[in-house]
Amino acid sequence: MTAVLPEMPCQEFVEHVTDYLEGALTAVDRARLEAHLARCADCAHYLEQLRVTQRLAGRITPGDVTPGMRDELMAAFARWQSARVSVEPESSEPGDDPPPV
Amino acid sequence: MVVDAYTPGMLRVARMYVSTLASAEEVVQDTWLAVVRGIDAFEGRASLRTWIYAILVNQARARGRREQPAVPFASLAADEARAPFHAVDPDRFLPANADDEPRHWASAQRHWDELPVERLEARETLAAVLEAMRVLPPAQRTVMALRDLEGLTSEEVCQALGITLGNQRVLLHRARSRVRAALEHHLEA
(Lines give C-alpha, C1' and ligand atoms only; values in the text may rest on other atoms or scores of the structure.)
Protein backbone atom coordinates (compact mmCIF):
# COMPACT_ATOMS: atom_id res chain seq x y z
CA MET A 1 0.00 0.00 0.00
CA THR A 2 2.77 2.43 0.90
CA ALA A 3 4.28 1.74 -2.51
CA VAL A 4 1.50 3.68 -4.23
CA LEU A 5 1.76 6.74 -1.99
CA PRO A 6 3.51 9.67 -3.64
CA GLU A 7 6.88 10.35 -2.07
CA MET A 8 7.19 13.25 0.35
CA PRO A 9 10.22 15.38 -0.55
CA CYS A 10 12.20 17.15 2.19
CA GLN A 11 10.78 20.53 1.21
CA GLU A 12 7.29 19.20 1.89
CA PHE A 13 8.36 17.45 5.09
CA VAL A 14 9.45 20.71 6.71
CA GLU A 15 5.99 22.21 6.11
CA HIS A 16 4.09 19.19 7.50
CA VAL A 17 6.20 18.50 10.54
CA THR A 18 4.19 20.59 13.03
CA ASP A 19 0.90 19.03 11.93
CA TYR A 20 2.62 15.68 12.41
CA LEU A 21 3.73 16.54 15.95
CA GLU A 22 0.23 17.89 16.71
CA GLY A 23 -1.41 14.72 15.44
CA ALA A 24 -3.28 16.65 12.76
CA LEU A 25 -2.11 14.94 9.58
CA THR A 26 -4.41 12.74 7.51
CA ALA A 27 -3.59 9.03 7.64
CA VAL A 28 -2.13 9.20 4.13
CA ASP A 29 0.13 12.17 4.82
CA ARG A 30 1.19 10.67 8.11
CA ALA A 31 2.22 7.46 6.33
CA ARG A 32 4.09 9.46 3.68
CA LEU A 33 5.86 11.55 6.30
CA GLU A 34 6.88 8.56 8.39
CA ALA A 35 8.11 6.70 5.31
CA HIS A 36 10.22 9.72 4.41
CA LEU A 37 11.51 10.16 7.95
CA ALA A 38 12.58 6.50 8.07
CA ARG A 39 15.04 6.92 5.25
CA CYS A 40 16.08 10.60 5.39
CA ALA A 41 18.71 11.36 8.04
CA ASP A 42 18.63 15.07 7.18
CA CYS A 43 14.93 15.34 7.94
CA ALA A 44 15.41 13.31 11.11
CA HIS A 45 18.01 15.89 12.14
CA TYR A 46 15.64 18.69 11.20
CA LEU A 47 12.93 17.18 13.42
CA GLU A 48 15.43 16.91 16.26
CA GLN A 49 16.42 20.57 15.72
CA LEU A 50 12.79 21.57 16.16
CA ARG A 51 12.57 19.53 19.37
CA VAL A 52 15.74 21.19 20.68
CA THR A 53 14.25 24.58 19.79
CA GLN A 54 11.11 23.77 21.79
CA ARG A 55 13.14 22.45 24.71
CA LEU A 56 15.32 25.58 24.84
CA ALA A 57 12.28 27.85 24.60
CA GLY A 58 10.93 26.07 27.67
CA ARG A 59 14.07 27.00 29.60
CA ILE A 60 13.91 30.74 29.03
CA THR A 61 13.65 32.64 32.27
CA PRO A 62 12.59 36.27 32.65
CA GLY A 63 16.18 37.42 33.22
CA ASP A 64 17.72 35.74 30.15
CA VAL A 65 19.00 38.78 28.35
CA THR A 66 22.70 39.26 27.71
CA PRO A 67 24.25 42.72 28.08
CA GLY A 68 24.05 44.67 24.84
CA MET A 69 21.09 42.72 23.58
CA ARG A 70 18.56 45.08 25.11
CA ASP A 71 19.28 47.92 22.67
CA GLU A 72 18.86 45.63 19.70
CA LEU A 73 15.61 44.29 21.09
CA MET A 74 14.32 47.77 21.77
CA ALA A 75 15.12 48.76 18.18
CA ALA A 76 13.40 45.66 16.82
CA PHE A 77 10.43 46.33 19.02
CA ALA A 78 10.25 49.97 17.90
CA ARG A 79 10.31 48.85 14.26
CA TRP A 80 7.50 46.45 14.95
CA GLN A 81 5.51 49.14 16.74
CA SER A 82 5.90 51.67 13.96
CA ALA A 83 4.94 49.01 11.42
CA ARG A 84 1.76 48.41 13.37
CA VAL A 85 0.78 52.09 13.30
CA SER A 86 -0.19 51.78 9.67
CA VAL A 87 -2.58 48.91 10.38
CA GLU A 88 -6.35 49.43 10.61
CA PRO A 89 -7.30 51.68 13.51
CA GLU A 90 -9.62 49.46 15.53
CA SER A 91 -10.92 51.23 18.58
CA SER A 92 -11.76 48.31 20.80
CA GLU A 93 -9.98 45.14 21.70
CA PRO A 94 -11.63 42.27 23.51
CA GLY A 95 -10.34 42.53 26.98
CA ASP A 96 -7.94 44.78 28.67
CA ASP A 97 -10.69 43.91 31.07
CA PRO A 98 -11.26 40.26 31.76
CA PRO A 99 -12.93 38.58 28.81
CA PRO A 100 -16.43 37.20 29.27
CA VAL A 101 -15.97 33.56 30.14
CA MET B 1 -1.28 29.71 46.56
CA VAL B 2 -2.55 30.34 43.08
CA VAL B 3 -0.48 33.52 42.85
CA ASP B 4 2.79 31.76 43.72
CA ALA B 5 2.09 28.91 41.32
CA TYR B 6 1.34 31.09 38.31
CA THR B 7 3.53 34.15 38.67
CA PRO B 8 6.87 32.73 37.36
CA GLY B 9 5.22 31.48 34.18
CA MET B 10 3.29 34.71 33.72
CA LEU B 11 6.55 36.66 34.01
CA ARG B 12 8.13 34.56 31.26
CA VAL B 13 5.23 35.23 28.92
CA ALA B 14 5.08 38.94 29.76
CA ARG B 15 8.81 39.10 29.02
CA MET B 16 8.00 38.38 25.35
CA TYR B 17 6.31 41.75 25.05
CA VAL B 18 8.28 44.20 27.16
CA SER B 19 11.92 45.08 27.30
CA THR B 20 12.63 44.97 31.00
CA LEU B 21 11.95 42.58 33.83
CA ALA B 22 10.51 45.49 35.80
CA SER B 23 7.90 46.11 33.09
CA ALA B 24 7.08 42.41 33.00
CA GLU B 25 6.52 42.49 36.76
CA GLU B 26 4.13 45.40 36.35
CA VAL B 27 2.23 43.51 33.66
CA VAL B 28 1.86 40.57 36.01
CA GLN B 29 0.72 42.83 38.85
CA ASP B 30 -1.83 44.49 36.59
CA THR B 31 -3.01 41.07 35.51
CA TRP B 32 -3.61 39.96 39.09
CA LEU B 33 -5.50 43.19 39.75
CA ALA B 34 -7.67 42.53 36.71
CA VAL B 35 -8.17 38.93 37.81
CA VAL B 36 -9.25 40.01 41.29
CA ARG B 37 -11.52 42.73 39.90
CA GLY B 38 -13.09 40.35 37.43
CA ILE B 39 -13.28 37.20 39.53
CA ASP B 40 -17.07 37.51 39.80
CA ALA B 41 -17.25 37.32 36.01
CA PHE B 42 -15.31 34.06 36.01
CA GLU B 43 -17.93 31.40 35.70
CA GLY B 44 -15.74 28.36 35.41
CA ARG B 45 -16.47 27.60 31.78
CA ALA B 46 -12.76 27.98 30.98
CA SER B 47 -10.07 26.77 33.35
CA LEU B 48 -8.85 29.46 35.75
CA ARG B 49 -5.41 29.14 34.13
CA THR B 50 -6.75 29.79 30.62
CA TRP B 51 -8.70 32.78 31.85
CA ILE B 52 -5.70 34.27 33.66
CA TYR B 53 -3.47 33.85 30.59
CA ALA B 54 -6.09 35.48 28.36
CA ILE B 55 -5.96 38.53 30.63
CA LEU B 56 -2.16 38.43 30.84
CA VAL B 57 -1.72 38.43 27.07
CA ASN B 58 -4.06 41.38 26.70
CA GLN B 59 -2.27 43.30 29.43
CA ALA B 60 1.16 42.53 28.00
CA ARG B 61 0.16 43.44 24.46
CA ALA B 62 -1.39 46.68 25.70
CA ARG B 63 1.80 47.66 27.48
CA GLY B 64 4.02 46.58 24.61
CA ARG B 65 2.36 48.97 22.21
CA ARG B 66 1.05 51.69 24.48
CA GLU B 67 0.38 54.33 21.89
CA GLN B 68 -0.70 51.94 19.17
CA PRO B 69 -4.24 51.34 17.94
CA ALA B 70 -5.50 47.97 19.09
CA VAL B 71 -5.88 45.19 16.55
CA PRO B 72 -8.15 42.30 17.56
CA PHE B 73 -6.07 39.20 18.15
CA ALA B 74 -8.17 36.96 15.92
CA SER B 75 -7.64 39.30 12.96
CA LEU B 76 -3.88 39.48 13.61
CA ALA B 77 -3.84 35.69 13.78
CA ALA B 78 -5.78 35.29 10.54
CA ASP B 79 -3.54 37.78 8.70
CA GLU B 80 -0.37 36.09 9.89
CA ALA B 81 -1.68 32.64 9.02
CA ARG B 82 -2.54 33.78 5.48
CA ALA B 83 0.77 35.44 4.59
CA PRO B 84 3.14 33.52 2.27
CA PHE B 85 5.57 31.40 4.25
CA HIS B 86 8.45 28.96 3.86
CA ALA B 87 9.56 27.02 6.93
CA VAL B 88 13.00 26.81 5.33
CA ASP B 89 14.56 29.05 2.67
CA PRO B 90 13.70 27.42 -0.70
CA ASP B 91 17.35 27.88 -1.75
CA ARG B 92 18.27 25.19 0.76
CA PHE B 93 16.61 22.55 -1.43
CA LEU B 94 17.42 21.06 -4.82
CA PRO B 95 15.14 22.47 -7.51
CA ALA B 96 11.86 20.75 -8.36
CA ASN B 97 13.21 19.88 -11.82
CA ALA B 98 16.43 18.28 -10.54
CA ASP B 99 17.14 14.89 -12.11
CA ASP B 100 18.12 13.34 -8.81
CA GLU B 101 16.18 13.85 -5.55
CA PRO B 102 14.15 16.96 -6.49
CA ARG B 103 13.21 19.16 -3.50
CA HIS B 104 15.55 17.28 -1.19
CA TRP B 105 18.09 19.08 0.99
CA ALA B 106 20.88 20.54 -1.09
CA SER B 107 23.30 20.09 1.83
CA ALA B 108 23.32 18.04 5.00
CA GLN B 109 21.50 19.05 8.16
CA ARG B 110 23.55 19.27 11.36
CA HIS B 111 22.88 16.86 14.17
CA TRP B 112 22.46 19.27 17.09
CA ASP B 113 22.62 16.59 19.76
CA GLU B 114 26.29 16.23 18.80
CA LEU B 115 27.01 19.81 19.82
CA PRO B 116 28.66 20.23 23.23
CA VAL B 117 25.98 20.55 25.86
CA GLU B 118 27.67 23.70 27.24
CA ARG B 119 27.19 25.33 23.86
CA LEU B 120 23.59 24.19 23.45
CA GLU B 121 22.58 25.28 26.93
CA ALA B 122 24.72 28.43 27.09
CA ARG B 123 23.08 31.62 28.24
CA GLU B 124 23.85 33.09 24.80
CA THR B 125 21.91 30.26 23.15
CA LEU B 126 18.86 30.91 25.31
CA ALA B 127 19.26 34.61 24.57
CA ALA B 128 19.25 33.83 20.84
CA VAL B 129 16.02 31.86 21.24
CA LEU B 130 14.47 34.68 23.25
CA GLU B 131 15.51 37.26 20.67
CA ALA B 132 14.15 35.16 17.82
CA MET B 133 10.84 34.78 19.62
CA ARG B 134 10.61 38.44 20.43
CA VAL B 135 10.93 39.53 16.79
CA LEU B 136 8.30 37.04 15.62
CA PRO B 137 5.07 38.49 14.28
CA PRO B 138 2.94 39.05 17.40
CA ALA B 139 0.35 36.29 17.02
CA GLN B 140 3.07 33.73 16.30
CA ARG B 141 5.08 34.91 19.28
CA THR B 142 2.07 34.63 21.56
CA VAL B 143 1.11 31.13 20.44
CA MET B 144 4.67 29.82 20.76
CA ALA B 145 5.15 31.46 24.16
CA LEU B 146 1.97 29.91 25.55
CA ARG B 147 2.70 26.47 24.08
CA ASP B 148 6.46 26.12 24.48
CA LEU B 149 7.31 28.42 27.38
CA GLU B 150 4.20 27.82 29.42
CA GLY B 151 3.20 24.38 28.29
CA LEU B 152 -0.45 25.24 27.68
CA THR B 153 -2.31 22.71 25.52
CA SER B 154 -3.47 23.67 22.04
CA GLU B 155 -7.06 23.75 23.34
CA GLU B 156 -6.11 26.10 26.17
CA VAL B 157 -4.30 28.41 23.74
CA CYS B 158 -7.29 28.53 21.40
CA GLN B 159 -9.57 29.35 24.29
CA ALA B 160 -7.28 32.00 25.76
CA LEU B 161 -6.74 33.74 22.42
CA GLY B 162 -10.06 33.11 20.71
CA ILE B 163 -8.54 31.45 17.63
CA THR B 164 -9.29 28.20 15.80
CA LEU B 165 -7.24 25.03 16.22
CA GLY B 166 -6.25 25.31 12.56
CA ASN B 167 -4.91 28.83 12.93
CA GLN B 168 -3.19 27.84 16.15
CA ARG B 169 -1.30 25.09 14.34
CA VAL B 170 -0.30 27.33 11.43
CA LEU B 171 0.98 30.03 13.80
CA LEU B 172 2.85 27.51 15.96
CA HIS B 173 4.42 26.00 12.85
CA ARG B 174 5.59 29.35 11.55
CA ALA B 175 6.89 30.47 14.92
CA ARG B 176 8.85 27.29 15.67
CA SER B 177 10.23 27.14 12.13
CA ARG B 178 11.48 30.71 12.33
CA VAL B 179 13.01 30.26 15.76
CA ARG B 180 14.70 27.04 14.61
CA ALA B 181 16.17 28.90 11.64
CA ALA B 182 17.46 31.68 13.90
CA LEU B 183 18.94 29.12 16.27
CA GLU B 184 20.60 27.32 13.36
CA HIS B 185 22.13 30.63 12.31
CA HIS B 186 23.36 31.21 15.85
CA LEU B 187 24.73 27.70 16.47
CA GLU B 188 26.28 27.11 13.06
CA ALA B 189 27.62 30.58 12.31
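Labels below follow one simple rule: chain letters A, B, ... track the order of the sequence lines, proteins then strands, and each chain is numbered from 1.
Between B:Arg176 and A:Thr18, the shortest heavy-atom distance links the atoms NH1-CG2, 4.3 Å. Closest of all the heavy-atom pairs between B:Leu126 and A:Leu56 is CD2-O, 3.4 Å. Pairing each heavy atom of B:Pro102 with each of A:Pro9, the nearest pair is O-CB, 3.8 Å. Of all the heavy atoms in A:Glu15 and B:Ala87, the pair that sits closest is OE2-N, 2.7 Å.
Proximity to chain B (any heavy atom under 4.5 Å) is restricted, for A:Glu22, to the side chain, taken from C-beta onward. Within the 4.5 angstrom heavy-atom criterion, only side-chain atoms of B:Gln168, from C-beta onward, approach chain A. Both the backbone and the side chain of A:Gln54 have a heavy atom closer than 4.5 Å to some heavy atom of chain B. For a residue to count as touching a neighbouring chain, one of its non-hydrogen atoms must lie under 4.5 Å from one of that chain's; by this rule B:Leu120 touches chain A with backbone and side chain alike. Proximity to chain B (any heavy atom under 4.5 Å) is shown, for A:Arg51, by neither the backbone nor the side chain. Contacts of B:Thr125 with chain A are made by side-chain atoms alone, with heavy-atom separations under 4.5 Å and no backbone atom involved.
Under the 3.5 Å distance criterion, with hydrogens and angles disregarded, no donor-acceptor pair is assigned to the side chains of A:Gln11 and B:His86. A side-chain N or O of A:Glu7 and one of B:His104 form a donor-acceptor pair less than 3.5 Å apart.
Under the 30°/60° scheme for interplanar angles, the aromatic rings of B:His111 and A:His45 are found to lie parallel.
With rounding to the nearest 0.5 angstrom, the CZ atom of B:Arg134 is 9.0 Å from the CD1 atom of A:Ile60. B:Arg123 CZ to A:Arg59 CZ: the interatomic distance, rounded to the nearest 0.5 Å, is 15.0 Å. Taken to the nearest 0.5 Å, the OG1 atom of A:Thr53 stands 14.5 Å off from the CZ atom of B:Arg178.
A:Val17 and A:Leu5 fall into different hydrophobic clusters, where Ile, Leu, Val, Met, Phe, Trp and Tyr side chains are chained together by heavy-atom contacts under 4.5 Å. At a threshold of 4.5 Å between side-chain heavy atoms, the hydrophobic network of Ile, Leu, Val, Met, Phe, Trp and Tyr places A:Val14 and A:Leu33 in one connected group. Placement of B:Leu165 and B:Val57 in two distinct hydrophobic clusters is found when ILVMFWY residues are connected by side-chain heavy-atom separations under 4.5 Å, directly or transitively. A:Val52 and B:Val179 end up in the same hydrophobic cluster when Ile, Leu, Val, Met, Phe, Trp and Tyr side chains are linked at under 4.5 Å. No path of Ile, Leu, Val, Met, Phe, Trp and Tyr side chains, each step under 4.5 Å between heavy atoms, connects A:Leu25 with B:Leu172, placing them in separate hydrophobic clusters.
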Trace of the salt bridge (charged side-chain N to carboxylate O under 4.0 Å, His left out) decision for B:Glu121 with A:Arg55: CA-CA 10 Å; B:Glu121 319 232 316; A:Arg55 194 176 79 221; 3.8 Å; yes
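Between B:Trp105 and A:Cys43, the closest side-chain pair of non-hydrogen atoms falls below 4.5 Å.
Around atom CG of B:Asp89, more than 12 heavy atoms belonging to other residues, nucleotides or ligands sit under 6.0 Å away. Within 6.0 Å of atom CZ in A:Arg30, 12 or fewer heavy atoms from other residues, nucleotides or ligands are found, so the atom counts as exposed in its surroundings.
The backbone N or O of B:Arg110 lies less than 3.5 Å from a partner atom in the side chain of A:Gln49, making a donor-acceptor pair.
In terms of heavy-atom pairs under 4.5 Å with chain A, the best-connected choice from B:Val129, B:Val88, B:Val170, B:Asp148 is B:Asp148. For the set B:Glu25, B:Glu184, B:Arg147, the count of heavy-atom pairs under 4.5 angstrom toward chain A peaks at B:Arg147. For the options B:Leu149, B:Leu183, B:Asp113, heavy-atom pairs under 4.5 Å to chain A are most numerous at B:Asp113.
Classification of B:Arg180 and A:Glu48 as a salt-bridged pair fails, no side-chain N sitting under 4.0 Å from a carboxylate O.
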